[in-house]
Amino acid sequence: MSLRRVCYDCGSHTTAPVARCQCGEPLWLDIHDGSFDWDDTTDDPGMWRYSPLLPVERPDGLATAAGGTPLVSGTRVDAFAGTNVHLKLEGEHPTGSFKDRGSALGVAAVDAGLVGDVTAVGTVSHGNMAMSTAAFAAATDIPCAVFVPDDIPPERLDVIAQFDPSVVTVAGDYGRLYDLTVRRGPDHGIVFLNSDVPLRVAGQKTTTLEICEAFAPEVPDALVMPVSSGGHASGAWKALRELTACGAIAEVPELYLVQASACAPIAEAYESGAEAVTRVDAGETIAYSIANADPPSGTRALRAARDTGGGVVAVDDDAILNARRALAVEAGISVEPASATALAGTKQLVERGVLDATADVAVVLTGTGLKEATPSGGATESASHVDVDGVDAFLTAFGGAGE
Ligand SMILES: *Cc1c(COP(=O)(O)O)cnc(C)c1O
Ligand SMILES: [Zn+2]
């Protein structure tokens, strides 16, 4: 079996193992035969219940733990956002982010020989994707090369290194490195599972399949997710297009994408009415996982937002921190700053009257906050200190109100 790759923009297709169309836009996999309904889901675990829509059979092992994340509703976060939010907890994945969906599928496809004679996989990432690809490669016993920027914080590199990939720190332009590895890897038998390549997008569409199935036969009014490279958003759009094409959804939820205002090339293109996303000069943001100033699938993500009647917004670091805190203290959910942008964006859309108070909004919380503490969380300073003899007095004061 060879995988057909199609361009969303010009419609060209190819079975060559390439990630880009001749027109320059990213390709995605065309595997859908036009007949899927919710009854066609299988008994496979996690994301593999959508096997009829996936290009590879379910493998054993770690891949079976990808997908099937909870969708949590009815929390006090509704009051914070001003609407009904349904929180998709992608941080529940084995390596703590939705990247595991794409890694599980990509590594499985390589292992099944679907992309030719491959001896290794690789990725270009400074965080979640590196961890995820390395973990799924380790679980499948496929060598993995991870290219990271040379200014990566050592504690983050240590997390990636647990899975024993070959780590290469690289100086120079990240965008060029991204392209170069995707283009040249296959000549050397190495498939790069970078953010927006067809195999990764095919796995990442399952987030949206799960959300839509949870609402079936209805659909949520809106789907809100953070966006960086545009890979996950492309997966969302692909899922919605496939579900629409086969009649499994009657309406398309509006897809809203959220960026950090310090690095918001897609939001800026959206605001200005531009057809294409171009590179920006980015500033610093706490949402480092979504700080791609030159997103490879930016234009496709922009098209996804417009095509579904949604939009692209930007939120500043204060709004991100507020949203992150609301998730923790109102719902007990820890997310990394990049993920909190989805809730901050939802709140902004409600305040601007784009989403209304009665809407059902699926908010994709892309990654856990349990991997790293908040910078300057101040937990030690704000803790109470007593010695053991003082514990009883503390309990009296703390619980005393109830007596
Ligand atoms: C990768 C990532 C994103 C952005 O996804 P893209 O596919 O690059 O747009 C958002 N949140 C988290 C936690 C991520 O790791
Ligand atoms: Zn094209």
Side-chain angles (χ1 to χ4, degrees), residues 5-14 18-28 30 69 88-93 95-103 123-133 156 159-160 174 178 193-197 200-205 207-208 224-238 255 257-260 263-267 276-277 285-305 312 320 324 334-345 363-372:
R5 292 145 195 257
V6 182
C7 177
Y8 78 94
D9 193 21
C10 74
S12 300
H13 50 83
T14 176
V18 291
R20 292 279 174 275
C21 180
Q22 281 150 357
C23 78
E25 280 300 284
L27 297 166
W28 56 24
D30 187 25
T69 57
K88 184 68 171 160
L89 304 191
E90 292 297 292
E92 298 277 293
H93 275 105
T95 74
S97 83
F98 75 90
K99 298 288 197 309
D100 286 357
R101 297 176 185 271
S103 303
T123 198
V124 173
S125 162
H126 56 250
N128 290 331
M129 191 164 54
M131 274 170 225
S132 178
T133 308
R156 219 180 297 155
V159 181
I160 298 167
Y174 193 74
Y178 184 100
L193 297 171
N194 292 359
S195 309
D196 75 329
V197 302
R200 186 167 287 282
V201 170
Q204 289 173 180
K205 77 183 180 188
T207 313
T208 299
V224 186
M225 55 167 61
V227 60
S228 182
S229 71
H232 201 196
S234 298
W237 194 29
K238 188 72 165 72
L255 179 61
L257 308 176
V258 189
Q259 300 210 277
C263 182
I266 307 174
V277 174
T285 169
I286 51 166
Y288 55 81
S289 290
I290 55 168
N292 191 328
D294 189 14
S297 274
T299 300
R300 186 165 61 178
L302 176 67
R303 194 76 67 80
V312 191
I320 294 169
R324 186 185 198 221
S334 170
V335 299
E336 66 163 285
S339 301
T341 58
L343 181 63
V363 177
V364 184
L365 301 176
T366 46
T368 182
L370 296 173
K371 277 179 204 167
E372 289 173 54

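Just so you know, ligand 1 is whichever comes first in the structure, and atom 1 is the first atom listed for that ligand. Please read all numbers here as calculations on a predicted model, not as lab measurements. When a residue number appears, it is its place in the shown sequence, counting from 1.
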Trainee: Ignoring angles and geometry beyond distance, decide whether Ser97 reaches within less than 3.5 Å of ligand 1 through its nitrogen or oxygen atoms.
Mentor: no
Trainee: With a 3.5 Å cut-off and no angle check, do the side chains of Ser103 and Arg200 form a donor-acceptor pair?
Mentor: yes
Trainee: Measure the distances from the heavy atoms of Ala233 to every atom of ligand 1 and state whether one is below 4.0 angstrom.
Mentor: no
Trainee: Say whether Ala338, considering both its backbone and side-chain N or O atoms, lies within less than 3.5 Å of an N or O atom on ligand 1.
Mentor: no
Trainee: Is it true that a side-chain atom of Gln259 and a backbone atom of Ala267 form a donor plus acceptor pair closer than 3.5 Å?
Mentor: yes
Trainee: Work out the angle at the Zn ion (ligand 2) between SG of Cys21 and SG of Cys7, rounded to 10°.
Mentor: 110°
Trainee: For Gly367, counting its heavy atoms only, list the atoms of ligand 1 lying under 4.0 Å from any of them.
Mentor: 13 (C)
Trainee: Going from OG on Ser297 to CG on Asn194, what distance comes out if it is rounded to the nearest 0.5 angstrom?
Mentor: 11.0 Å
Trainee: Going by distance alone, is a donor N or O of one side chain under 3.5 Å from an acceptor N or O of the other, for Ser12 and Gln22?
Mentor: no
Trainee: Quick one: look up the protein heavy atom nearest atom 9 (O) of ligand 1 and list residue, atom name and how far away it is.
Mentor: Ser228 N, 2.8 Å
Trainee: So, taking the atom named CG in Asp30 and the one named SG in Cys7, what distance separates them when rounded to the nearest 0.5 Å?
Mentor: 12.0 Å
Trainee: Is there a side chain to side chain donor-acceptor pair (under 3.5 Å) between His232 and Thr366 once you walk through the steps?
Mentor: CA-CA 10 Å; His232 201 196; Thr366 46; over 6 Å; no
Trainee: In Å, rounded to the nearest 0.5 Å, how long is the span from CG of Leu365 to CG of Leu343?
Mentor: 7.0 Å
Trainee: With only distance considered, is Pro226 within less than 3.5 Å of ligand 1 through an N or O on each side?
Mentor: no
Trainee: Among all protein heavy atoms, pick the one closest to atom 5 (O) of ligand 1 and tell me residue, atom and distance.
Mentor: Phe98 CZ, 3.4 Å
Trainee: Would you call the rings of Tyr8 and Trp237 parallel, tilted or perpendicular if under 30° counts as parallel and over 60° as perpendicular?
Mentor: perpendicular
Trainee: Keeping Arg324 on the side-chain end and Val335 on the backbone end, is there a donor-acceptor pair under 3.5 Å?
Mentor: yes
Trainee: Does some non-hydrogen atom of Lys99 fall short of 4.0 Å from ligand 1?
Mentor: yes
Trainee: Checking a contact table here: which protein heavy atom is nearest atom 10 (C) of ligand 1, and how many Å away?
Mentor: Ile290 CG2, 3.3 Å
Trainee: When only distance counts, is Thr366 in polar contact with ligand 1, meaning an N/O pair under 3.5 Å?
Mentor: yes
Trainee: Could you walk me through whether His93 and Thr69 pass the side-chain contact (heavy atoms from CB on, under 4.5 Å) check?
Mentor: CA-CA 7 Å; His93 275 105; Thr69 57; 3.4 Å; yes
Trainee: Which heavy atom of the protein is the closest neighbour of atom 8 (O) of ligand 1, given with residue, atom name and distance?
Mentor: Ser229 OG, 2.7 Å
Trainee: With heavy-atom distances below 4.0 Å as the criterion, list the atoms of ligand 1 near Asn128.
Mentor: 13 (C), 14 (C), 15 (O)
Trainee: Say whether His232, considering both its backbone and side-chain N or O atoms, lies within less than 3.5 Å of an N or O atom on ligand 1.
Mentor: yes
Trainee: When you look for heavy atoms under 4.0 Å from ligand 1, do you find them on the side chain of Glu336, its backbone, both, or neither?
Mentor: side chain
